[in-house]
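To start, the structure under review is shown below, and the notes come after it.
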Amino acid sequence: MGEAALILALGKHERNLELLAGLLENGGYDVEIATSMDEFDELLQYRDDVALAVLDVDGFTEDIWKRCEQLNNRDIPMLVLAAQIPPAMRQKAVSRGAQTILEKPVDKADLQATIRGLMEYIRMN
């Protein structure tokens with residue numbers, strides 16, 4: 001079957017990332033987590049096997065937009081999780097490369113199904 005796909009997860013809240021990582025690992029994925037932009041940048045610099053990035057954001061800052069552009073430039077699909085996403089922000093996120101945007105709180109089953117769908121899409125392309 002091959003090695004498990006690597007998912008890179010970024011967020012400020014370590015406990016939320018640990019829960020997300022556990023959920024994803026139970027789904028058969030390898031997960032690297034970053035709680036700071038510096039950690040994220042370092043992982044992105046040294047890992048060339050990232051299949052998907054999950055960005056758990058509290059808001060869309062210039063730092064987040066910069067990371068979206070970096071991921072998009074490397075053809076790494078993104079799933080964005082955010083509490084509230086006004087239509088203009090949703091459109092901007094999609095224009096910066098986000099494939100899927102989910103509003104928090106996200107049901108575990110919905111999140112798992114979304115990840116499976118994205119990974120299947122990645123495998124097919």
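Heads up: numbering here begins at 1 and tracks the sequence. Note that the structure is a prediction, hence the values are computed from the model and not measured.
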Salt bridge flag under 4.0 Å for residues Arg74 and Asp48: no
Return the CG to CD distance between Asp49 and Glu32, rounded to the nearest 0.5 Å. 8.5 Å
Between Thr35 and Phe40, does the side-chain contact (heavy atoms from CB on, under 4.5 Å) criterion hold? Intermediate values first, please. CA-CA 7 Å; Thr35 57; Phe40 181 82; over 6 Å; no
Smallest heavy-atom separation, Ala51 atom then Ala5 atom, equals CB-CB, 4.0 Å
What's the shortest heavy-atom distance between Met78 and Asn72, and which atoms? CE-N, 4.1 Å
Working to the nearest 0.5 Å, report the span between CG of Leu44 and CD of Gln70. 6.0 Å
Side chain to side chain donor-acceptor pair (under 3.5 Å) partner of Asp56, chosen from His13, Lys104, Lys12: Lys104
Taking the hydrophobic residues Ile, Leu, Val, Met, Phe, Trp and Tyr, and joining any pair whose side-chain heavy atoms are under 4.5 Å apart, which ones share a cluster with Ile122? Ile7, Leu17, Leu20, Leu23, Leu24, Tyr29, Val31, Ile33, Leu52, Val54, Leu79, Leu81, Leu102, Val106, Leu111, Ile115, Leu118, Met119
Is there any side-chain hydrogen bond (donor to acceptor under 3.5 Å, both in side chains) pair reaching into residues 80-93, and which pairs are they, with sequence neighbours excluded? Arg90-Glu103
For Glu69, does the CD atom have more than 12 heavy-atom neighbours from other residues, nucleotides or ligands under 6.0 Å away? yes
Compare every heavy atom of Glu39 with every heavy atom of Ser36, then report the nearest pair and how far apart it is. OG-N, 3.0 Å
Sequence neighbours excluded and cut-off under 3.5 Å, please list the side-chain donor-acceptor pairs for residues 59-67, or say none.
residue: Thr61; atom: OG1; partner: Asp63; partner atom: N; Å: 3.4
residue: Thr61; atom: OG1; partner: Ile64; partner atom: N; Å: 3.3
residue: Arg67; atom: NE; partner: Asp41; partner atom: OD1; Å: 2.8
residue: Arg67; atom: NH1; partner: Asp63; partner atom: O; Å: 3.0
residue: Arg67; atom: NH2; partner: Asp41; partner atom: OD2; Å: 2.8

From Lys108 NZ over to Asn26 CG, what is the distance, rounded to the nearest 0.5 angstrom? 9.0 Å
